[in-house]
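First comes the structure, then the notes that go with it.
Heads up: numbering here begins at 1 and tracks the sequence.
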Amino acid sequence: MRRRSLLIAVPAGLVTLAACGDEDSGSGDAGDSATPEASATSGPPAPKIVDGPLPAITAGTKFDEKPTVAKGSGEPSKDLAVKTVIAGGGKAVAENDFVSVNYLGQIWESAKVFDNSYDRKAPLVIQLAQGSIIDGWRYALTGKKTGSRVQFSVPPTWGYGEQGNEQAGIAGSDTLVFVVDVRDTFNARSSAKGKEVPQDDAALPKVGTNTDGKAPAIDVPKADAPKKLVAEYVLEGDGVEVGAQDSVLVQYKGVVWDGGKEFDSTYGRKQLTSFSLEQVVKGWSQGLTGKKVGSRVLIVIPPDLGYGDSPPQGSGIEKDSTLVFSVDILAKM
């Protein structure tokens with residue numbers, strides 16, 4: 001079972017797509033390591049950002065290569081020390097974006113590494129939002145561009161506070177040092193960028209192939225809905241395949257087969273959604289399993305793999321409805 005990052009908070013799930021009667025289906029690995037989410041209370045004021053001091057990176061100096069960082073020398077800054085070690089030329093990260101990063105975190109005084117994603121061989125995807133991650137990350141990474149390596153030190157005020165993190169071996173007085181490789185960033189304007197796949201079956205809905213961040217059109221044919229699950233590429237990405245137990249970050253739009261009425265959309269809310277494939281209706285979990293990150297997928301879900309005769313109250317979905325979705329798989333969490 002994959003170990004969760006020390007930084008990650010439990011991702012929000014879909015309301016309209018949550019599987020019914022499955023209260024114990026929360027992320028099974030949530031307790032595998034400490035999960036110090038930001039405090040529910042209001043955060044501290046914004047820090048002053050300074051250039052240093054910061055300890056040297058003595059090995060692993062290339063982008064996306066696991067770094068070795070020296071022990072801190074002398075007293076760390078009481079402010080947030082931030083340095084762009086490698087300047088990338090990609091998209092700028094904004095607060096509330098989801099970022100895909102590799103990172104290493106260690107304690108200033110001892111150089112003890114308490115967490116890193118390089119050994120897990122899986123980038124962390126997390127939202128730079130208050131309440132989702134420690135404040136030091138939000139302030140240090142906002143405005144940086146993808147392709148950048150950023151090193152920063154986080155005093156307790158913008159880290160884990162006076163309580164520290166006992167499970168990670170972080171005391172309430174510890175300043176933390178991070179090296180973060182910013183691989184990608186996602187927001188409400190993000191789209192899949194895969195290769196267009198012909199949509200030749202006249203009996204299936206046609207999905208728009210625009211990649212401008214706007215909702216794609218879904219044209220449902222005037223024909224009987226299929227009795228079995230359909231999951232076809234509209235745009236085929238080249239990322240890793242999604243596993244049955246994975247969590248994903250997506251854009252999506254859902255309509256009812258009969259009449260084509262939209263009932264749910266991240267585009268309308270202007271907010272991406274992340275969820276575990278173990279926590280959604282079977283049609284979603286089966287339809288997305290095995291599909292590649294970076295893809296847009298057409299999913300047609302018959303009632304027995306959707307909501308059957310128990311659709312969510314207030315969703316606008318009638319009993320025994322066949323549902324049609326366009327889903328952009330932006331990242332695997």
Side-chain angles (χ1 to χ4, degrees), residues 11-23 25-26 98 127 186-192 199 201-210 212-235 242 247-289 291 295-330:
L14 290 172
V15 176
T16 58
L17 293 173
C20 300
D22 197 13
E23 294 179 357
S25 64
F98 285 82
Q127 189 175 21
F186 308 97
N187 55 40
R189 299 179 299 279
S190 297
S191 291
Q199 301 180 68
D201 192 339
L204 293 179
K206 300 295 184 292
V207 177
T209 57
N210 56 295
D212 55 2
K214 297 180 181 179
I218 301 178
D219 184 12
V220 181
K222 291 180 170 58
D224 291 337
K227 301 298 183 185
K228 296 183 178 181
L229 177 71
V230 174
E232 302 286 349
Y233 284 121
V234 176
L235 302 172
V242 175
S247 293
V248 289
L249 178 69
V250 302
Q251 287 265 41
Y252 75 92
K253 174 181 173 180
V255 304
V256 180
W257 181 283
D258 292 333
K261 181 181 178 181
E262 180 180 316
F263 62 85
D264 198 9
S265 169
T266 56
Y267 302 95
R269 292 194 298 273
K270 300 186 185 303
Q271 185 176 12
L272 302 180
T273 294
S274 61
F275 58 88
S276 166
L277 292 189
E278 296 180 288
Q279 295 177 303
V280 291
V281 294
K282 291 180 180 179
W284 265 67
S285 58
Q286 293 178 18
L288 292 182
T289 296
K291 294 297 189 286
S295 299
R296 176 170 297 164
V297 183
L298 163 69
I299 307 179
V300 181
I301 303 178
D304 62 314
L305 295 178
Y307 299 113
D309 60 0
S310 301
Q313 187 174 3
S315 65
I317 301 171
E318 301 291 337
K319 292 182 179 181
D320 298 319
S321 291
T322 295
L323 308 178
V324 182
F325 289 95
S326 169
V327 184
D328 282 17
I329 309 171
L330 301 177

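Annotation for Glu262 and Val255: closest pair CA-CG1, 3.7 Å, computed over non-hydrogen atoms. Closest of all the heavy-atom pairs between Gly208 and Pro216 is O-CB, 3.6 Å. Taking each heavy atom of Gly287 and Ala231 in turn, the nearest pair found is O-CB, 3.5 Å. What you find for Pro312 and Ser315 is that their closest heavy atoms are O-OG, 2.7 Å. The two atoms that bring Leu330 and Ser190 nearest to each other are CD1-CB, 4.0 Å, heavy atoms only. Considering every non-hydrogen atom in both Gln251 and Gly213, the closest pair reads NE2-O, 4.3 Å.
More than 12 heavy atoms of other residues, nucleotides or ligands shown are found within 6.0 angstrom of CG on Asp212.
Between Gln286 and Leu305 the shortest side-chain heavy-atom distance falls below 4.5 Å. Between Lys214 and Tyr267 there is no side-chain heavy-atom pair separated by less than 4.5 Å. Between Leu323 and Ile317 the shortest side-chain heavy-atom distance falls below 4.5 Å. Within the 4.5 Å cutoff, the side chain of Trp284 has heavy atoms near those of the Val327 side chain. Side-chain contact between Leu235 and Ser295: absent, with no pair of heavy atoms (C-beta onward) separated by less than 4.5 Å. Put simply, the side chain of Glu318 does not reach to within 4.5 Å of the side chain of Val256, judged on heavy atoms. Between Ser247 and Leu277, every side-chain heavy-atom pair lies at or beyond the 4.5 Å cut-off. With a 4.5 Å cut-off on side-chain heavy atoms, Leu229 and Ile301 count as touching.
Expressed to the nearest 0.5 Å, how far OG of Ser265 lies from NZ of Lys270 amounts to 9.5 Å.
For Asp309, the side-chain contact (heavy atoms from CB on, under 4.5 Å) partners at least two apart in sequence or on another chain are Lys319, Asp320. Here Asp304 pairs with Pro302 under the side-chain contact (heavy atoms from CB on, under 4.5 Å) rule; sequence neighbours left out. When the side-chain contact (heavy atoms from CB on, under 4.5 Å) test is applied to Asp219, the partners found at least two apart in sequence or on another chain are Lys206. The side chain to side chain donor-acceptor pair (under 3.5 Å) search around Gln127 returns none, not counting sequence neighbours. A search for side-chain contact (heavy atoms from CB on, under 4.5 Å) contacts involving Thr322 returns Ala225, Trp257, Val300, Pro303, not counting sequence neighbours.
In terms of modelled atom types and a separation under 3.5 Å, the side chain of Arg296 and the main chain of Ser191 share no donor-acceptor contact.
Considering Leu288, Val230, Val324 in turn, Leu288 is the only one that fulfils the side-chain contact (heavy atoms from CB on, under 4.5 Å) rule with Ile299. Put simply, the residue from Asp328, Thr273, Asp264, Thr266 that forms a side-chain hydrogen bond (donor to acceptor under 3.5 Å, both in side chains) with Tyr252 is Asp264.
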List the steps, then state whether side chain to side chain contact (heavy atoms under 4.5 Å, CB included) holds for Glu232 with Val297. CA-CA 6 Å; Glu232 302 286 349; Val297 183; 6.0 Å; no
Run the side chain to side chain contact (heavy atoms under 4.5 Å, CB included) check on Phe98 and Leu272 step by step: do they pass? CA-CA 9 Å; Phe98 285 82; Leu272 302 180; 4.0 Å; yes
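The cationic atom of Lys253 (NZ for Lys, CZ for Arg) does not lie both less than 6.0 Å from the six-membered ring centre of Phe325 and within 45° of the ring axis.
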